[in-house]
Amino acid sequence: MHVCVLGQGYVGLPLALSAAEAGHVVTGYEPDRERCDKLAAGTSYVEDIPSTRLRAVLRSAAYRPSPDPKDLKGFDIAVITVPTPLTDRAPDLSCVREAARTLARWLEPGATVVLESTTHPGTTRDVLIPLLEEGSGLIAGRDFHVGFSPERIDPGNADWRLDNTPKIVAGLTDACLHRVKTFYDSVTDVTVPASGLEEAELAKVFENTYRHVNIALVNELSRMAHTLGVDVWHTLELAATKPFGFTRFLPGPGVGGHCLPIDPVYLSHHVKARHGQTFRLIELAQDINESQPDYVVRRLQDALSSRFRRSVHGARILALGAAYKPGTSDARQSPAVQVIDRLRAMGADVVVVDPHLPEGSRRHIPFAGATGATGAAGATDAAGTAGAASGESVADFDAVVLLTPHAEFDLAQLADEAAYVLDTRGAMTPAPHVERL
């Protein structure tokens with residue numbers, strides 16, 4: 001089939017290459033010409049996609065990136081994988097709408113359109129389908145097929161990939177579902193049919209809401225435990241020995257990335273806007289997780305004051321990690337960046353080390369061991385521009401805050417050399433000068 005994947009980011013590019021490797025002829029539609037040029041040259045900017053894999057698919061001529069919407073003509077399957085961000089804390093479906101209008105011009109009878117972008121229930125039926133019908137003059141479910149299949153990409157996860165992660169599939173009609181399932185059966189091991197579009201849409205936002213709420217729970221637990229003088233990390237280890245009815249979540253500096261700070265808001269905003277009801281747990285979880293970077297800063301401030309009788313203002317602080325999770329360069333919505341920004345706003349001299357960020361933003365401190373880690377091209381220099389002086393060591397800093405425990409960091413050496421460490425991820429062994437959040 002001629003498969004068109006609209007959006008060649010962390011979701012669209014893996015899908016496009018997998019479809020090409022499965023024997024389809026794939027157009028990777030990406031209106032960003034700079035991105036298209038990189039893809040055409042065989043350079044991947046998505047960490048989970050090695051450039052060697054991209055070049056192999058390019059050589060086979062089964063995949064072609066294009067910024068030209070005319071190359072969508074004649075598609076059999078079109079999959080929309082564009083961003084659904086928040087604008088002024090409200091869902092922004094402008095990219096989905098633009099993709100629908102673009103596809104409608106080339107939509108032919110018998111073709112199939114699938115939405116993968118995360119959104120609130122009703123988007124496929126109430127937003128996507130009307131735009132496709134209006135622009136094409138065709139009728140969904142009669143003249144063409146429509147479906148929804150939520151993405152489940154976990155950047156940096158080598159165990160669960162597109163091919164072996166169960167894929168939810170839904171269709172407007174039974175015939176639509178059959179077309180959608182047939183396509184995804186060719187690129188994934190397991191497909192899970194949903195009874196309707198809205199159920200599939202709700203399943204996706206609930207998956208991330210579940211994580212968001214439970215992370216907020218342990219974040220608040222960690223604050224309470226600190227007040228009580230109880231080791232929350234050991235408490236969670238003890239609770240995790242229960243073989244039923246308990247799932248272990250861990251505290252941290254907050255939530256970040258493409259899902260948790262955004263997806264639950266889509267659900268709560270939609271329920272309130274459409275029905276005037278408040279999804280109280282989501283809103284409470286949002287408040288807790290959004291305030292967590294401030295809590296980290298307060299803990300660091302308290303430690304500097306009680307241990308060294310000095311303030312954050314003028315202190316030299318080493319921040320380890322700017323990405324939102326270990327093993328990636330993704331700094332979108334990263335709580336680590338928020339902590340760094342707050343410390344700098346208070347007058348601290350913050351040096352950031354993150355071996356996964358692009359070369360221009362890496363900071364080399366001897367213990368950090370940033371050996372050969374390659375950041376994704378085009379990643380934002382969210383860590384700032386302050387660098388460490390040549391020959392500087394961890395002992396030259398008043399405090400260290402471990403925000404993202406990348407594997408490249410030598411935490412044992414850090415514990416030996418640092419005057420004080422605030423470990424926000426529970427990655428280090430507690431010691432008199434190593435304090436866990």
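These numbers were taken from a predicted model, which means no experiment stands behind them.
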Undergrad: Looking only at heavy atoms, what is the nearest atom pair of L437 and S222, with distance?
TA: O-CB, 4.4 Å
Undergrad: How long is the straight-line distance from CG of D423 back to CE of M428, given to the nearest 0.5 Å?
TA: 6.0 Å
Undergrad: Flag the pair V3 / V5 as yes when at least one side-chain heavy-atom distance between them is below 4.5 Å, and no otherwise.
TA: yes
Undergrad: Closest heavy-atom contact between S18 and L162?
TA: OG-CD2, 3.4 Å
Undergrad: If you apply the rule side-chain contact (heavy atoms from CB on, under 4.5 Å), what do you find for L217 with I288, and how did you get there?
TA: CA-CA 8 Å; L217 176 62; I288 294 170; over 6 Å; no
Undergrad: Run T429 and V434 through side-chain contact (heavy atoms from CB on, under 4.5 Å) and show every step you take.
TA: CA-CA 7 Å; T429 302; V434 177; over 6 Å; no
Undergrad: Working to the nearest 0.5 Å, report the span between CG of L115 and CG of L103.
TA: 10.5 Å
Undergrad: Is the shortest side-chain heavy-atom distance between L17 and V26 below 4.5 Å?
TA: no
Undergrad: Let's go through L343 and V297 carefully: what are the C-alpha distance in whole Å and the side-chain angles of both, what is the deciding distance for side-chain contact (heavy atoms from CB on, under 4.5 Å) to 0.1 Å, and is it a yes or a no?
TA: CA-CA 7 Å; L343 290 171; V297 170; 4.0 Å; yes
Undergrad: So, applying side chain to side chain donor-acceptor pair (under 3.5 Å) with H120, which one of H269, H270, E198 is it?
TA: H270
Undergrad: Are L128 and T123 close enough that some pair of their side-chain heavy atoms sits under 4.5 Å apart?
TA: no
Undergrad: Is it true that the side chains of D92 and S94 contain a donor and an acceptor less than 3.5 Å apart?
TA: yes
Undergrad: Can you find a heavy atom in the side chain of I168 that is under 4.5 Å from one in the side chain of F148?
TA: no
Undergrad: How many angstroms lie between CD in Q286 and CG in N289, if you round to the nearest 0.5 Å?
TA: 7.0 Å
Undergrad: Has the side chain of S136 got a donor or acceptor atom that lies under 3.5 Å from a matching backbone atom of A104?
TA: no
Undergrad: Should K325 and D330 count as an ion pair when the cut-off is N to O under 4.0 Å?
TA: no
Undergrad: Using side chain to side chain donor-acceptor pair (under 3.5 Å), reason through R223 and S291 one step at a time and then give a plain yes or no.
TA: CA-CA 11 Å; R223 301 185 197 183; S291 67; 2.8 Å; yes
Undergrad: Side chains of E201 and T119: is there a donor and an acceptor less than 3.5 Å apart?
TA: no
Undergrad: Heavy atoms, side chains only, cut-off 4.5 Å: are F75 and T112 in contact?
TA: no
Undergrad: With sequence neighbours excluded, tell me which residues meet side chain to side chain contact (heavy atoms under 4.5 Å, CB included) with T173.
TA: A175, C176
Undergrad: If I compare all heavy atoms of Y45 with all of Q8, which pair ends up nearest, and what's the gap?
TA: OH-O, 2.7 Å
Undergrad: Counting distance only, does the side-chain N/O of Y63 pair as donor-acceptor with the main-chain N or O of A56 below 3.5 Å?
TA: no
Undergrad: Which value, rounded to the nearest 0.5 Å, describes the distance between L320 atom CG and L318 atom CG?
TA: 4.5 Å
Undergrad: With a sphere of 6.0 Å drawn around CZ of F246, does it hold more than 12 non-hydrogen atoms of other residues, nucleotides or ligands?
TA: yes
Undergrad: Side chains of T188 and D163: donor-acceptor distance under 3.5 Å anywhere?
TA: no
Undergrad: Please check: side-chain N/O of E47 versus main-chain N/O of G156, any donor-acceptor pairing under 3.5 Å?
TA: no
Undergrad: Under 3.5 Å, is there a donor-acceptor pair between the S186 and H24 side chains?
TA: yes
Undergrad: Ignoring hydrogens and geometry, is there a side-chain-to-backbone donor-acceptor pair from S334 to G256 under 3.5 Å?
TA: no
Undergrad: Hey, is CD on E220 packed in by over 12 heavy atoms from elsewhere, all under 6.0 Å?
TA: no
Undergrad: So does R53 have more than 12 non-hydrogen atoms from other groups sitting under 6.0 Å from CZ?
TA: yes
Undergrad: Does any non-hydrogen side-chain atom of V169 lie less than 4.5 Å from one of L177?
TA: yes
Undergrad: Would you compute the distance between atom CD1 of I139 and atom CD1 of I129 and round it to the nearest 0.5 angstrom?
TA: 10.5 Å
Undergrad: Taking C-beta and beyond as the side chain, do R436 and P430 meet within less than 4.5 Å on heavy atoms?
TA: yes
Undergrad: Is it true that E435 and R299 make a salt bridge, defined as a side-chain N closer than 4.0 Å to a carboxylate O?
TA: yes
Undergrad: Ignoring hydrogens, what is the shortest heavy-atom contact between W160 and N164? Give both atom names and the distance.
TA: CZ3-O, 3.2 Å
Undergrad: For the NE2 atom on H2, are there more than 12 heavy atoms of other groups (residues, nucleotides or ligands in this structure) within a distance under 6.0 Å?
TA: yes
Undergrad: Checking W106 side chain against G74 main chain: does a donor-acceptor pair fall under 3.5 Å?
TA: no
Undergrad: Salt bridge check: are E108 and K73 linked by an N-O gap of less than 4.0 Å?
TA: no
Undergrad: Check for a donor-acceptor pair, side chain of T84 on one end and backbone N or O of L93 on the other, with a separation under 3.5 Å.
TA: no
Undergrad: Do the side chain of R425 and the main chain of P405 share a donor and acceptor less than 3.5 angstrom apart?
TA: no
Undergrad: Can you name the nearest heavy-atom pair linking A200 to P150, along with the distance?
TA: O-CG, 4.0 Å
Undergrad: For D154, is there an ion pair with R161 - N to carboxylate O distance below 4.0 angstrom?
TA: no
Undergrad: State yes or no: are the ring centers of Y210 and F249 separated by less than 6.0 Å?
TA: yes
Undergrad: Within a 6.0 Å radius of atom CD on E134, are there more than 12 heavy atoms belonging to other residues, nucleotides or ligands?
TA: no
Undergrad: Looking at E116 and K204, does any basic side-chain N land under 4.0 Å from a carboxylate oxygen?
TA: no
Undergrad: Hey, are E151 and K167 close enough for a salt bridge, meaning a charged N less than 4.0 Å from a carboxylate O?
TA: no
Undergrad: What is the minimum heavy-atom distance between A322 and V337, and which atoms define it?
TA: O-CG2, 3.5 Å
Undergrad: Strictly distance-based, threshold 3.5 Å: is any side-chain N or O of S60 a donor or acceptor partner for the main-chain N or O of V57?
TA: yes
Undergrad: Measure the OG1-CD1 distance between T102 and I80 for me, rounded to the nearest 0.5 Å.
TA: 9.0 Å
Undergrad: Just wondering, do I262 and R332 contact through their side chains at under 4.5 Å, heavy atoms?
TA: no
Undergrad: Within 45 degrees of the axis of the six-membered ring of F144 and under 6.0 Å from its centre: does R179 put its NZ or CZ there?
TA: no
Undergrad: Would the distance check show the side chain of D68 and the main-chain N or O of D71 forming a donor-acceptor pair, the cut-off being under 3.5 Å?
TA: no
Undergrad: Report yes or no: does D354 contribute a side-chain atom to a donor-acceptor pair with the main-chain N or O of H406 at less than 3.5 Å?
TA: no
Undergrad: If you count the non-hydrogen atoms of other residues, nucleotides and ligands that lie under 6.0 Å from CZ in R274, is the total more than 12?
TA: no
Undergrad: Which is it for L107 and V113 under the side-chain contact (heavy atoms from CB on, under 4.5 Å) test, yes or no, and what are the steps along the way?
TA: CA-CA 9 Å; L107 186 57; V113 178; 4.0 Å; yes
Undergrad: Determine whether more than 12 heavy atoms belonging to other residues, nucleotides or ligands lie under 6.0 Å from atom CD of E34.
TA: no
